[in-house]
Amino acid sequence: QSWRRAVGYQAYQGVLLDKDISHPQMAKTIKDAKIAILTCPFEPPKPKTKHKLDINSVDEFKKLQEYEKNKFEGMVKRVKDTGANLVCCQWGFDDEANHLLMLHKLPAIRWVGGPEIELIAIATNGRIVPRFEDLSAE
């Protein structure tokens with residue numbers, strides 16, 4: 001009893017995640033969060049080929065870099081178009097994606113486990129999105 005008076009406590013209904021926002025410059029507090037719950041990786045699609053990809057010049061590297069940037073920007077735009085103001089992703093994402101999320105003022109949490117994702121969906125009455133093509137404002 002005495003610790004309750006000394007420390008104080010407050011009960012919340014919902015899910016508590018022990019995770020950090022993915023970029024130190026992203027907002028730490030989100031009011032009236034609309035969460036995009038993703039189980040798809042936040043990365044450009046892998047080429048569907050068994051052949052290796054050789055990059056032999058700076059020009060080829062820049063084309064590949066531009067392709068990746070365009071894919072990431074498309075993914076961020078899809079999330080923003082849904083009205084979401086927080087991304088909760090089961091998988092990680094690379095520095096380029098993290099940087100673009102930060103630039104678009106879209107805080108993100110990565111490496112959220114499967115059971116936690118399900119609990120978030122239940123608590124928020126949200127939908128788990130397995131592919132970026134399935135994102136919608138619902």
Side-chain angles (χ1 to χ4, degrees):
Q1 286 286 21
S2 62
W3 65 270
R4 287 185 184 162
R5 275 180 269 141
V7 176
Y9 67 95
Q10 190 166 359
Y12 292 97
Q13 183 176 352
V15 179
L16 177 66
L17 288 179
D18 189 17
K19 300 281 183 189
D20 290 326
I21 297 291
S22 65
H23 195 285
Q25 294 178 341
M26 288 179 177
K28 304 279 187 274
T29 305
I30 297 113
K31 297 219 187 259
D32 300 322
K34 184 168 182 189
I35 306 171
I37 307 169
L38 306 175
T39 57
C40 51
F42 213 106
E43 58 188 33
K46 303 279 187 256
K48 294 189 183 346
T49 179
K50 293 181 181 171
H51 305 286
K52 71 178 190 175
L53 178 66
D54 288 324
I55 298 175
N56 299 315
S57 69
V58 173
D59 243 11
E60 290 174 349
F61 177 78
K62 287 188 179 195
K63 283 181 187 174
L64 181 62
Q65 192 176 31
E66 189 63 29
Y67 166 79
E68 280 192 352
K69 185 177 180 192
N70 289 339
K71 285 291 183 182
F72 284 136
E73 285 177 346
M75 292 172 176
V76 170
K77 183 180 181 330
R78 272 186 192 263
V79 173
K80 288 292 269 188
D81 288 349
T82 66
N85 57 2
L86 176 65
V87 176
C88 189
C89 191
Q90 185 174 11
W91 303 103
F93 32 85
D94 72 2
D95 292 339
E96 178 75 22
N98 205 19
H99 181 71
L100 281 172
L101 287 164
M102 189 266 305
L103 286 178
H104 287 87
K105 296 183 182 354
L106 194 57
I109 304 169
R110 56 185 162 186
W111 298 115
V112 179
E116 294 167 319
I117 288 275
E118 290 177 10
L119 288 171
I120 292 167
I122 291 166
T124 61
N125 199 24
R127 188 171 62 95
I128 297 172
V129 180
R131 294 183 310 240
F132 274 95
E133 296 79 31
D134 298 341
L135 270 172
S136 68
E138 297 172 358

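In what follows, every heavy atom counts, from backbone to side chain, and hydrogens, waters and symmetry copies are set aside.
Environment of CG in Asn125: sparse, with no more than 12 heavy atoms of neighbouring residues, nucleotides or ligands closer than 6.0 Å. Counting heavy-atom neighbours within 6.0 Å of Lys80 NZ, excluding the residue itself, gives a total above 12.
Residue pairs meeting the salt bridge (Lys or Arg N to Asp or Glu O under 4.0 Å) criterion with at least one partner in residues 81-99, sequence neighbours excluded, are Lys77-Asp81. Listed by first then second residue, pairs satisfying salt bridge (Lys or Arg N to Asp or Glu O under 4.0 Å) with a partner in residues 103-114 number zero, not counting sequence neighbours.
Using a 4.5 Å cut-off on side-chain heavy atoms (C-beta onward), Val129 and Ile37 make no contact. Residues Ile117 and Gln90 meet the side-chain proximity criterion, which asks for heavy atoms closer than 4.5 Å. Considering only heavy atoms from C-beta on, Leu86 stays 4.5 Å or farther from Lys34 through its side chain.
Side-chain atoms of Arg131 and Thr39 form no donor-acceptor pair, as typed in the model, at a separation below 3.5 Å.
With sequence neighbours excluded, the residues forming a side-chain contact (heavy atoms from CB on, under 4.5 Å) with Ala27 are Pro107, listed by chain and number. Phe93 meets the ring-ring contact (aromatic ring centres under 6.0 Å, His included) test with Phe42; sequence neighbours excluded.
A donor-acceptor contact shorter than 3.5 Å links the side chain of Asn98 to the backbone of Ser22. For the pair His23 (side chain) and Gln25 (backbone), a donor-acceptor distance under 3.5 Å is present.
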Begin from the C-alpha positions of Asp32 and Asn85 and carry the test side chain to side chain contact (heavy atoms under 4.5 Å, CB included) through to its verdict.
CA-CA 9 Å; Asp32 300 322; Asn85 57 2; 5.6 Å; no
Worked check of side chain to side chain contact (heavy atoms under 4.5 Å, CB included) between Leu38 and Phe132
CA-CA 8 Å; Leu38 306 175; Phe132 274 95; 3.9 Å; yes
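When all heavy atoms of Thr82 and Val79 are compared, the pair lying nearest together is OG1-O, 2.5 Å. The minimum heavy-atom distance between Met26 and Met102, with the atom names listed, is CE-N, 3.6 Å. In this structure, Ala121 and Ile128 approach most closely via the heavy-atom pair CB-CG1, 3.7 Å. Residues Cys88 and Val112 come closest through the heavy atom pair SG-CG2, 3.7 Å. Listed here is the closest heavy atom pair of Cys89 and Cys40: SG-O, 3.5 Å.
Note on Ile30: it clusters hydrophobically with Ile35, by side-chain heavy-atom contacts below 4.5 Å among ILVMFWY residues. Under the 4.5 Å side-chain heavy-atom criterion for Ile, Leu, Val, Met, Phe, Trp and Tyr, Val87 and Leu17 are members of the same hydrophobic cluster.
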Pair up each side-chain donor or acceptor in residues 62-69 with any protein partner under 3.5 Å, not counting sequence neighbours, and list the distances.
none

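Between Leu101 atom CG and Ile21 atom CD1 the span is 11.0 Å, to the nearest 0.5 Å.
Hydrophobic clustering, defined by side-chain heavy atoms of Ile, Leu, Val, Met, Phe, Trp and Tyr closer than 4.5 Å, groups Trp91 together with Trp111.
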